[in-house]
Asks: 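Right, I'll just put the structure down here and ask away after.
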2 protein chains.
Amino acid sequence: MSDGIGLAVSAVIFALRPHRESGEQVLHLPLVRRLRAPFDDHWALPGGWVDEAESLADAAARTLEATTSLRPAYLEQLYAFGEVERSPDARVVSVVYWALVRSEEVARTRVGQNVRWFAADDLPTLAFDHNRIVDYALWRLRSKVEYAPVAQSFLGETFTLAELRGVYEAILQRPLDPANFRRQMAASDEVEPTGEFTTTGRHRPAQLFRSKAAPTAPSPWRAS
Amino acid sequence: MSDGIGLAVSAVIFALRPHRESGEQVLHLPLVRRLRAPFDDHWALPGGWVDEAESLADAAARTLEATTSLRPAYLEQLYAFGEVERSPDARVVSVVYWALVRSEEVARTRVGQNVRWFAADDLPTLAFDHNRIVDYALWRLRSKVEYAPVAQSFLGETFTLAELRGVYEAILQRPLDPANFRRQMAASDEVEPTGEFTTTGRHRPAQLFRSKAAPTAPSPWRAS
DNA sequence: GCAAAAGTGTTAGACTTACACCCATGT
DNA sequence: ACATGGGTGTAAGTCTAACACTTTTGC
């Protein structure tokens, strides 16, 4: 039986936060500062060892909450990274998950000395192979948002189409036509109108929508 | 550090072989008969433990060749299965790969007493959670063939468009219009004409094509 | 010539994109 | 009134599916 191989989980956690200067919504992710070798003082993805009594998805959710006190609205396995030289000295296989959290949740993050949010497109040099992992997670998010209803997970129970469009635009980094976006959402079965309307705003009230069908796709089986 | 968790690899190996009766090309995969508990005498996916000195992809390729003496034309990670109760008695995390092999290769498979090819759509009850794994691999293959150039991996260096179309039809289990298929292939950058033509066949000779660009996509990094 | 598969042309419909324009609200 | 974003209409362009038709071989 295999031995001497450490089995870990890590998480790439995406949330939308306003950019420091421009104020526009931008993808961010929380990183943890390492306090020991290897890569002492480098920033790294939140993670930890897999316990014998928990599934991989549970381990990811646990370690995610432990380091950031966040609970994800969406959690999916990204990839198992198992190159021999990923970690100096030790042999570690990391099963990496990616997660989306609501903006409301983010507000109550425990922002300790050693946990910080970074703009996803402007990261420092991370520990291990974590830069590549983030790149891959970003690619996956941007691909998946085009064919699966994941963007909703950034928002609350109900939302306007403008808010949802804002999420898409932040992820894809390009403007979308409001008229066409509306029709595409109507055509897809992703959202349904609630009948409620917003009252705020110095303009015509917008209808509120909610997510409709649970995420589709024969993914192996629903994570946590 | 994690301990007491076995780390294994398994492989879902697809090849096209003529159906026993109809003679049509059908997706097949090789299974291995288990010779000990648990699931003694059940059929299972080829697999084995990960060695400390090899990457996950290498482990998959090694175990794949060890049990079937096949070398894949395509190899990609499918998923890491890590539920607690996957295996009775022991805790095992399996990183599963899926592979495509050329029909020529298949001819020289070592078909021992304990290795047998099964039609992918007509499997017995397998050991562990292997039926679900195969279902997921099938879904992945059928999805991926629609947007990525993987079908070529079932064929040799050169092939006619009719042969390639046959591969698509076998995977997708529906007929494709030859005229439209030709144009779609021409539009995509997947294949290019060689200038050579077939001579066999009691009909107009067909031009031979070859695969063009290597598989695309920011997959994490190229496996083996 | 005839059958069979290779390969080309053509058209109807679906979907995408761009953008003009009207609607309902706060100030 | 008018600025602002919500929401509808519409037409051009692109992509897809279906199928008629011509080409080139073996028998």
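Below, chain A is the first sequence line, B the second, and so on; all start at residue 1.
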Asks: What string of B, S and - do you get for nucleotides 17-27 of chain D 5' to 3' if you count protein non-hydrogen atoms under 4.0 Å?
Replies: BBB---BBBS-
Asks: Between B/Phe159 (CZ) and C/dA6 (P), how many Å, whole number?
Replies: 14 Å
Asks: What is the separation between atom CG on A/Leu161 and atom P on D/dT4, rounded to the nearest whole Å?
Replies: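 Atom-to-atom, A/Leu161 to D/dT4, this comes out as 22 Å.
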Asks: Using a strict threshold of under 4.0 Å (side-chain N to carboxylate O), is an ion pair present between A/Arg71 and A/Glu105?
Replies: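 A/Arg71 and A/Glu105: not salt-bridged.
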Asks: Check A/Glu169 with A/Arg174, please: is the shortest side-chain N to carboxylate O separation under 4.0 Å?
Replies: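 Salt bridge flag = no for A/Glu169 with A/Arg174.
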Asks: Write down the distance between CZ (B/Phe181) and C1' (C/dG9), rounded to a whole number of angstrom.
Replies: 20 Å
Asks: Check whether more than 12 heavy atoms from other residues, nucleotides or ligands sit under 6.0 Å from atom CD of B/Glu85, and answer yes or no.
Replies: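 No - once you tally the heavy atoms of other residues, nucleotides and ligands closer than 6.0 Å, there are 12 at most.
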Asks: Measure CZ/B/Phe197 against C1'/C/dA6 and give the value in whole Å, please.
Replies: 10 Å
Asks: Find the distance B/Met185:CE to C/dA6:C1' and express it as a whole number of Å.
Replies: 16 Å
Asks: Below 4.0 angstrom, N of the basic side chain to O of the carboxylate: do B/Asp121 and B/Arg142 qualify?
Replies: yes
Asks: How many whole angstroms separate atom CG of A/Leu176 from atom C1' of D/dG5?
Replies: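 These atoms are roughly 16 Å apart.
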Asks: Rounded to whole Å, please give me the gap between CZ in A/Arg182 and P in C/dC21.
Replies: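 It is 20 Å, rounded to the nearest whole Å.
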Asks: With a 4.5 Å limit on heavy-atom distance, are the side chains of A/Trp98 and A/Leu141 in contact?
Replies: yes
Asks: Counting neighbours of CD on B/Glu24 that are heavy atoms of other residues, nucleotides or ligands and sit closer than 6.0 Å, is the number greater than 12?
Replies: no
